[in-house]
Amino acid sequence: MAKVTYITPSGEEVAVDGAIGNLMEIAREHDIEGIEGACSGCCSCATCHIRVKPEWLDKTGRATEAEQDLIDLESDTDERSRLSCQVEMSEKLDGLIVEVAPF
Amino acid sequence: MSECPYRDPFKKKRSEGPVLETEFDNDPVAMILGLKDVRKAARNHETFSSNAPFRVPIPREEKLRSVRQFPIESDPPEHTEYRKIVEPIFNRPNQPDYQQRITEIIEAVVIPCMETNSFDAIHDFALPLQSRALALLLNVPEEESELWIKWGVHVLREGDGSSKGREMENYCKTAFRKSSEWGDDNLFSILNDASFQGRSLTDDEKLGFANLAFAGGRDTVINTLCIILAHFAENNQDLVRLGKEPELINFAGEEFIRFATPLTHIGRKCPVDSNVHGVLVKANQLISLNWASANFDDTVFQNPEQIKIERKPNPHIAFGNGPHNCLGAPHARLLMRNFIRVLTQKISNISLLSFESKTEKTKDYQRMNGYERLELCFSAK
């Protein structure tokens, strides 16, 4: 079963085992601080902004074009920025670590 | 889109510059137009403050209500603490049983309309739906909404505005007294029991919260519901498509909310003399964050005057942006999405029988943002 760890804006590390779904849905189910997911994955709000640990970027991939358009409107973003609603958890991402960006 | 209720009145003004220098209430207002500029300003409460009682809505509302609205007319960090008080209420839409109840409320309004040859989409449909759904949000008995329906589409601006505002405030004062009969987890009880900076809320603060809860999401929700109905009446293919592709319903909801942008703009006060994209705004004067213009900014949205139900990304700011983003957004989103879902399940066609557009008229623009009258007929599936 895949495991993902969120590092919240206040520095807490929250690990979720058996994670299924996209990283926004998983975060909401587990009340991860800083992930709101207001638009439920429509790429409208950017309230689920995360940064992927560099060593995981090859496996998660970088932001898609639609995702990047929204990320570009936000401040405090970088090449590791993703919208967590657009990252689907899978076995190949077992052990993934992401940082929740402050909103 | 021949009958489309909306054309972007700010298109030319955006091409002329980032700010429209206009006026409201005989005072100058620097209206920010572009999406990126509006987003940025909405997040900058130090330069553009909400600590401006009665002046965050434009035009100003001293004559329409007796109290400052909370949490909207305050700045962080006080705003953050005020907002936290009512978050348990406004996050209720995330509960699964709430989602089921919303659908039941929608069906209870849709089904009677299916049994008539024509209905008034505002007074027979959108107004009762908005009010009953609000009762669910505020966690008070649904019967309470029967009185709220009588307050009309815009409780503060219906007719001369002031009389309905007073009636609503008097209702709220009574509700604070009897709210314990409804339990300890409704809006009024929560405000009665709340603590702010180590003290209880004052009566005016409590009334300011309640005032916003009733006024804030009223005409906005009603206008958006009507714009969705009118769109489906003229574009049956979108209703059919959403029935076949329900995975698009959330995207369609966002797109309708962008297109409707029911609140054109909102005010912020400059505490000190400020240069706003080359325009001097003197201390205590207002700027405006123009959500409607921003949501039709063609440097961000392709073909913004077209409703594309599959639009993605859709970085609209119809619910505002930053710390003051709309508290009622989860409720409004759920209502719109489930409303669309119920229509796709029960209705095969909507006929537009007659309508009269509603136009917001100001010195420098006229914007159609809803209907004065919208007469429709449902064909059941």
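A, B, ... follow the sequence lines: proteins, then strands. Residue 1 opens every chain.
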**Message:** Quick check on B/P330 against chain A: is it the side chain, the backbone, both or neither that has a heavy atom closer than 4.5 Å?
**Reply:**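 Contact with chain A involves no heavy atom of B/P330 at all.
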
**Request:** Sort B/I317 into side chain, backbone, both or neither according to what part of it lies under 4.5 angstrom from a heavy atom of chain A.
**Result:**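 For B/I317, there is no contact with chain A at all, as no heavy atom is under 4.5 Å.
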
Chain B and chain A: which donor-acceptor pairs fall below 3.5 Å?
unit_1: B/R39; atom_1: NH2; unit_2: A/E74; atom_2: OE2; d: 2.2
unit_1: B/R43; atom_1: NH1; unit_2: A/E74; atom_2: OE1; d: 3.3
unit_1: B/R43; atom_1: NH2; unit_2: A/E74; atom_2: OE1; d: 3.4
unit_1: B/R43; atom_1: NH2; unit_2: A/E74; atom_2: OE2; d: 3.2
unit_1: B/N94; atom_1: OD1; unit_2: A/R28; atom_2: NH2; d: 3.4
unit_1: B/K312; atom_1: NZ; unit_2: A/Q86; atom_2: OE1; d: 3.2
unit_1: B/N314; atom_1: N; unit_2: A/C43; atom_2: O; d: 2.8
unit_1: B/N314; atom_1: O; unit_2: A/S44; atom_2: OG; d: 2.8
unit_1: B/R337; atom_1: NH1; unit_2: A/S40; atom_2: OG; d: 2.8
unit_1: B/R337; atom_1: NH2; unit_2: A/C39; atom_2: O; d: 2.8

**Prompt:** Under the side-chain contact (heavy atoms from CB on, under 4.5 Å) test, which residues partner B/A41, sequence neighbours left out?
**Reply:**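 Partners of B/A41 by the side-chain contact (heavy atoms from CB on, under 4.5 Å) criterion, ordered by chain and then number, come out as B/I32, B/F48, B/L289.
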
